[in-house]
Protein chains: 2
Amino acid sequence: MVSEIPGGHASVRKLLMSTLDDLSNGERKVARALMAQYPTAGLTTVVDLAEISGVSPPTVVRFVTRLGFTGFPAFQRALVHELNGELGSPLKQYPEKGGPSALGILPETHQAFAEMLLASYSELPESEFKKAVKLLCDPARDIRVTGGRFSRSVADYLVAHLRLLRSGVHGVGADDEIDRRTTVADAGPGTVLVIYDYRRYTDQNLVFAERMAARGAVVCLMTDNWLSPIAKVAKVVLPARVDSASPFDSLVASMAVTESIVAGVAERLGTAGIARLELVEEAVE
Amino acid sequence: MVSEIPGGHASVRKLLMSTLDDLSNGERKVARALMAQYPTAGLTTVVDLAEISGVSPPTVVRFVTRLGFTGFPAFQRALVHELNGELGSPLKQYPEKGGPSALGILPETHQAFAEMLLASYSELPESEFKKAVKLLCDPARDIRVTGGRFSRSVADYLVAHLRLLRSGVHGVGADDEIDRRTTVADAGPGTVLVIYDYRRYTDQNLVFAERMAARGAVVCLMTDNWLSPIAKVAKVVLPARVDSASPFDSLVASMAVTESIVAGVAERLGTAGIARLELVEEAVE
DNA sequence: TAGGTTGAGTAACTTTTGTTACAGAGTCCC
DNA sequence: GGGACTCTGTAACAAAAGTTACTCAACCTA
């Protein structure tokens with residue numbers, strides 16, 4: 001049995017990508033649903049796929065015929081056949097990396113991110129990482145988190161997660177001077193300040209960190225590898241790359257390191273953290 | 001929909017192994033054929049599987065009922081369901097490998113991020129990406145951005161960047177019902193709603209998106225690849241992987257795609273965007 | 001060796017699935 | 001603002017798939 005994929009494409013996925021523009025609105029929904037749960041969404045029935053996609057069965061049929069198949073069964077056979085060849089390593093299906101750039105922003109940025117992550121993680125000292133995790137796990141300490149104009153997003157993200165795992169975690173506004181002053185006033189040796197500070201560094205952040213340190217707070221600095229001046233007063237420094245091709249710096253690596261920290265905290269807290277997590281989740285619903 | 005595997009087995013394959021002895025001669029042939037071409041042989045029809053196994057269709061049916069399934073369709077659903085788990089996320093394989101982090105969290109998460117990015121970018125249709133960029137560059141349109149509990153951070157991040165590149169960009173609070181209602185009231189065909197919605201999906205977000213769409217707004221959805229129900233009303237959908245070893249999902253890929261979009265917008269706006277950027281930067285200092 | 005029991009295939013049946021025809025809704029263009 | 005066109009869903013239809021009843025063959029037991 002030889003199942004042919006229309007248009008001479010190597011895989012149904014490729015065919016899907018290249019046909020996406022020629023599809024009608026509803027048909028595109030089917031394509032998306034299929035790509036989202038590839039290829040299992042296509043291995044059930046027309047009705048099921050229609051339901052997942054949010055369209056009617058005939059639209060699904062029209063979709064597969066538009067792709068060039070003679071009908072849904074033929075389409076399914078092609079899918080199964082493809083699965084036969086490439087099962088085991090789904091990554092095999094992913095496109096081979098072409099030449100450098102020249103192929104649009106998407107592959108270009110992806111490559112940049114991958115390299116950035118690699119560089120960031122190899123430059124991230126494990127000892128610093130562990131220190132940070134340990135600090136954030138200590139129930140006796142209060143955690144305060146803040147950031148700059150862009151990095152506040154990542155700071156908020158860290159707060160949102162840590163709050164689920166432990167108590168005493170609060171974000172501090174970036175522009176809210178009152179908030180910062182009261183935070184300094186309340187700070188002591190039991191306080192941990194996590195501060196995100198990437199170039200270009202602001203005096204605002206430096207002053208805040210210095211004041212916190214002066215009151216005995218432990219400063220944990222998230223910065224790029226040009227190292228913010230705050231490093232001078234920081235106990236722990238976690239550098240991450242921010243290089244980018246676009247006019248803006250990238251905080252993807254920062255975000256990644258942040259998530260690693262959350263993962264580290266979750267693991268270290270173990271069942272206690274999970275228990276709290278489930279407790280909070282229940283309360284939400 | 002929850003497909004149950006009879007006998008409390010973890011996978012159909014395991015069930016197969018342990019039942020092999022209790023099968024009749026012909027039934028065992030079917031089991032052999034199935035294991036030889038697992039699981040694709042079971043994804044076709046009863047007749048096909050019978051042919052491959054060298055038995056008659058009823059024997060195949062008897063085989064699956066002996067396994068404990070109520071019928072062939074139920075058996076097939078279990079296979080597909082299982083496939084979803086293994087194939088759907090390549091990352092799921094790692095955490096269970098060497099028990100509790102043989103190599104530490106750092107390299108582990110890094111690897112996970114790298115693979116997640118690869119998967120996300122190869123599953124991201126360029127046409128959808130371009131549509132999104134085009135929408136966000138249109139000066140005649142108003143941009144509204146919102147997100148969920150965690151994804152609001154990424155949403156804020158997008159707003160922070162877009163605001164530097166163009167006018168008419170505003171974030172919409174995630175919990176602020178008043179804000180959402182007024183946003184709906186002000187919306188029209190000239191409005192673009194960028195909504196971040198990752199599992200677990202909230203009704204809040206769905207309702208909001210539907211109302212916006214009903215008023216003619218163009219919905220651009222950022223979601224994971226289980227596809228939020230919002231996809232039904234969305235004009236553009238940009239999926240990103242969120243699989244993670246930690247108890248939380250990861251938004252690193254979402255962040256990366258967001259930055260790609262910012263880069264795309266910056267490039268498309270060209271000198272106009274840069275000019276505005278510099279103007280704003282000057283004003284800040 | 002004869003009778004009983006178990007297992008497998010043929011064929012008819014029933015259900016489910018894919019397909020097609022048709023009509024209404026929305027959209028674009030003049 | 002009207003008309004043509006495209007698109008989508010409802011509903012009826014046809015095809016196919018899965019299931020079951022029945023019969024024959026093989027094997028074990030007495």
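The chains referred to below are lettered A, B, ... by the order of the sequence lines, with proteins before strands, and numbering in each begins at 1.
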Whole-Å distance between C/dG18 P and A/Phe69 CZ? 15 Å
Which nucleotide in the set D/dT10, C/dG9, C/dG18 lies at the smallest distance from any side-chain heavy atom of A/Thr45? C/dG18
In whole angstrom, what separates A/Asn25's CG from C/dT27's C1'? 12 Å
Looking across every strand, which nucleic acid part, if any, lies under 4.0 Å from B/Val61 by heavy atom: base, sugar-phosphate, or nothing? base
If you only use heavy atoms from C-beta on, which nucleotide in C/dG9, C/dT19, D/dG9 is closest to the side chain of B/Thr59? C/dG9
Minimum-distance nucleotide (side-chain atoms of A/Ser56 versus D/dT19, D/dT10, C/dA8): D/dT10
Rounded to whole Å, how long is the line connecting atom CZ of A/Arg28 with atom P of D/dT8? 9 Å
If I take atom CZ in residue B/Phe63 and atom C1' in nucleotide D/dT19, what distance separates them, rounded to the nearest angstrom? 17 Å
Assess B/Arg152 against B/Tyr196: is NZ or CZ under 6.0 Å from the centre of the six-membered ring, and within 45 degrees of the ring's axis? no
Among C/dT10, D/dT19, C/dG18, which nucleotide sits nearest the side chain of B/Phe72? D/dT19
Please classify the nucleic acid contact of B/Pro57 as base, sugar-phosphate, or nothing, using heavy-atom distances under 4.0 Å. nothing
A/Arg62 CZ - D/dC7 C1' separation (whole Å): 7 Å
What is the distance, to the nearest angstrom, from the CZ atom on B/Arg77 to the P atom on D/dG18? 12 Å
In whole angstroms, how far is the C1' atom of D/dG9 from the CG atom of A/Leu49? 16 Å
Evaluate whether atom CD of B/Glu267 has more than 12 neighbouring non-hydrogen atoms of other residues, nucleotides or ligands under 6.0 angstrom away. no
Is the shortest heavy-atom distance from the side chain of A/Leu20 to the side chain of B/Glu128 under 4.5 Å? yes
Atom-pair distance (CD on A/Gln76; P on D/dA16), nearest Å: 15 Å
Step by step, would you call B/Leu79 with A/Leu43 a side-chain contact (heavy atoms from CB on, under 4.5 Å)? CA-CA 10 Å; B/Leu79 276 181; A/Leu43 293 175; over 6 Å; no
Per atom distances to the A/Pro58 side chain, the nearest of C/dG9, D/dG18, C/dT20 is C/dT20
Nearest-nucleotide pick for B/Ser24, side chain only, options being D/dG9, C/dT19, C/dG7: C/dG7
Quick check for you: to the nearest 0.5 Å, what is the distance between B/Ser24 atom OG and B/Lys29 atom NZ? 9.5 Å
